[in-house]
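When reading the values below, keep in mind they use all heavy atoms of this one structure, side chains included, and skip hydrogens, waters and symmetry mates. Start at 1 with the first residue, then count along the sequence.
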Amino acid sequence: MIRQIDGRHVLFGLIAFFAVVFAVNIVFVVVATDTFTGLWTEDPYRKGLQYNETIDAYHAQQAAGWHYEVKLAGEALQVRVLDRQGKPVDALALEGRIGRPTTNAFDQPVRFAWQGPGLYTTAMPGLAPGQWDVSLSVQRPDTPDQPPYKVTARLWVKQ
């Protein structure tokens with residue numbers, strides 16, 4: 001005997017279909033809101049309001065003509081800063097953060113000490129293998145009113 005499909009069967013089928021769609025959407029919303037927000041800066045709204053000042057600071061940095069090299073030497077993170085003529089730049093205050101590019105869970109502050117002509121280092125024991133982003137703010141102590149020189153670099157730590 002073949003059962004016929006009547007209005008109740010169609011109604012329950014539609015309700016079941018939309019219940020599954022609704023449940024899957026709830027799972028997607030929960031997963032999306034509990035994961036990475038996409039924002040990697042603190043207070044993005046205020047930084048967005050200062051957009052023109054950021055552009056001016058970038059142009060001033062380019063005009064200074066400094067060059068930098070960031071590298072990991074053993075368990076020390078080294079930054080070498082040179083001017084336009086390739087001469088070392090001393091008497092700088094370097095500080096910032098090192099962290100993974102995809103999450104802020106491993107971010108840690110770094111502060112560098114002068115080690116020689118244009119060379120600044122900090123200890124970084126036990127960095128796990130993989131990619132690390134270094135974001136530094138370089139400031140001359142004798143010119144605190146000037147915007148800091150921004151240094152960004154990506155490091156690959158191998159086993």
Side-chain angles (χ1 to χ4, degrees), residues 20-159:
V20 169
V21 170
F22 189 68
V24 169
N25 283 338
I26 287 175
V27 169
F28 284 161
V29 167
V30 168
V31 170
T33 57
D34 286 345
T35 58
F36 182 59
T37 64
L39 300 175
W40 64 275
T41 184
E42 293 183 19
D43 205 6
Y45 175 73
R46 293 199 195 287
K47 287 185 179 179
L49 292 176
Q50 298 169 344
Y51 180 74
N52 289 335
E53 290 84 0
T54 302
I55 297 293
D56 293 341
Y58 172 78
H59 289 304
Q61 179 173 322
Q62 295 301 315
W66 288 1
H67 304 281
Y68 61 88
E69 176 187 8
V70 180
K71 69 178 183 177
L72 196 60
E75 290 194 346
L77 183 59
Q78 297 180 340
V79 177
R80 183 171 300 279
V81 183
L82 306 172
D83 67 7
R84 187 183 309 273
Q85 288 80 27
K87 296 179 183 172
V89 180
D90 293 328
L92 298 175
L94 279 78
E95 59 183 29
R97 299 192 76 67
I98 185 169
R100 297 286 193 175
T102 57
T103 181
N104 58 4
F106 302 102
D107 284 7
Q108 51 188 307
V110 290
R111 176 169 249 133
F112 289 81
W114 182 76
Q115 296 297 316
L119 180 64
Y120 303 84
T121 64
T122 188
M124 294 302 318
L127 278 183
Q131 293 183 8
W132 291 88
D133 281 344
V134 180
S135 300
L136 302 175
S137 176
V138 180
Q139 184 74 46
R140 283 189 183 267
D142 58 344
T143 58
D145 56 331
Q146 294 291 327
Y149 191 90
K150 300 292 185 180
V151 172
T152 58
R154 178 158 291 172
L155 300 174
W156 285 267
V157 177
K158 298 178 182 172
Q159 290 182 333

query: Please walk me through it: do Trp132 and Arg100 pass side-chain contact (heavy atoms from CB on, under 4.5 Å)?
result: CA-CA 5 Å; Trp132 291 88; Arg100 297 286 193 175; 3.6 Å; yes
- prompt: How would you list, by chain and number, every residue that makes a side-chain hydrogen bond (donor to acceptor under 3.5 Å, both in side chains) with Glu53, sequence neighbours excluded?
  reply: none
query: Under the side-chain hydrogen bond (donor to acceptor under 3.5 Å, both in side chains) test, which residues partner Lys150, sequence neighbours left out?
result: none
task: Using the salt bridge (Lys or Arg N to Asp or Glu O under 4.0 Å) rule, collect all pairs that involve residues 122-136, keeping only residues at least two apart or in two chains.
output: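 For residues 122-136, and leaving out neighbouring residues, the salt bridge (Lys or Arg N to Asp or Glu O under 4.0 Å) pairs sorted by first residue read Asp133-Arg154.
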- prompt: Say you draw a straight line from OH of Tyr45 to CG of Asp43; how long is it, rounded to the nearest 0.5 Å?
  reply: 10.0 Å
- prompt: Rounded to the nearest 0.5 Å, how far apart are OG1 of Thr33 and CZ of Phe28?
  reply: 13.0 Å
- request: Start with the C-alpha gap between Gln108 and Leu127, add the side-chain angles, then the distance that decides, and say whether side-chain contact (heavy atoms from CB on, under 4.5 Å) holds.
  value: CA-CA 11 Å; Gln108 51 188 307; Leu127 278 183; 4.1 Å; yes
message: Which residue in the set Leu72, Thr122, Val70, Leu119 passes side-chain contact (heavy atoms from CB on, under 4.5 Å) when paired with Gln78?
response: Leu119
message: Strictly by ring-ring contact (aromatic ring centres under 6.0 Å, His included), give each pair with a member in residues 139-159 just once, sequence neighbours left out.
response: Trp66-Tyr149
task: For the pair Phe112 and Leu136, evaluate side-chain contact (heavy atoms from CB on, under 4.5 Å) and give the outcome as yes or no after the intermediate values.
output: CA-CA 10 Å; Phe112 289 81; Leu136 302 175; 3.4 Å; yes
Scan the side chains in residues 80-98 for donor-acceptor partners under 3.5 Å anywhere in the protein, sequence neighbours excluded, and list what turns up.
from, atom 1, to, atom 2, distance (Å)
Arg80, NH1, Pro117, O, 3.4
Asp83, OD1, Gln85, N, 3.0
Asp83, OD1, Gly86, N, 3.1
Asp83, OD1, Lys87, N, 2.8
Arg84, NH2, Ala63, O, 2.2
Asp90, OD1, Trp114, NE1, 3.0
Asp90, OD1, Gly118, N, 2.6
Glu95, OE1, Arg111, NH2, 2.3

task: Check side-chain contact (heavy atoms from CB on, under 4.5 Å) between Thr54 and all other residues, then give those that pass, not counting sequence neighbours.
output: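 For Thr54, no residue satisfies side-chain contact (heavy atoms from CB on, under 4.5 Å) once neighbours in sequence are set aside.
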task: State, to 0.1 Å, how close Gln139 and Pro147 come at their nearest heavy-atom pair, and which atoms those are.
output: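 Shortest heavy-atom contact: OE1-C, 4.0 Å.
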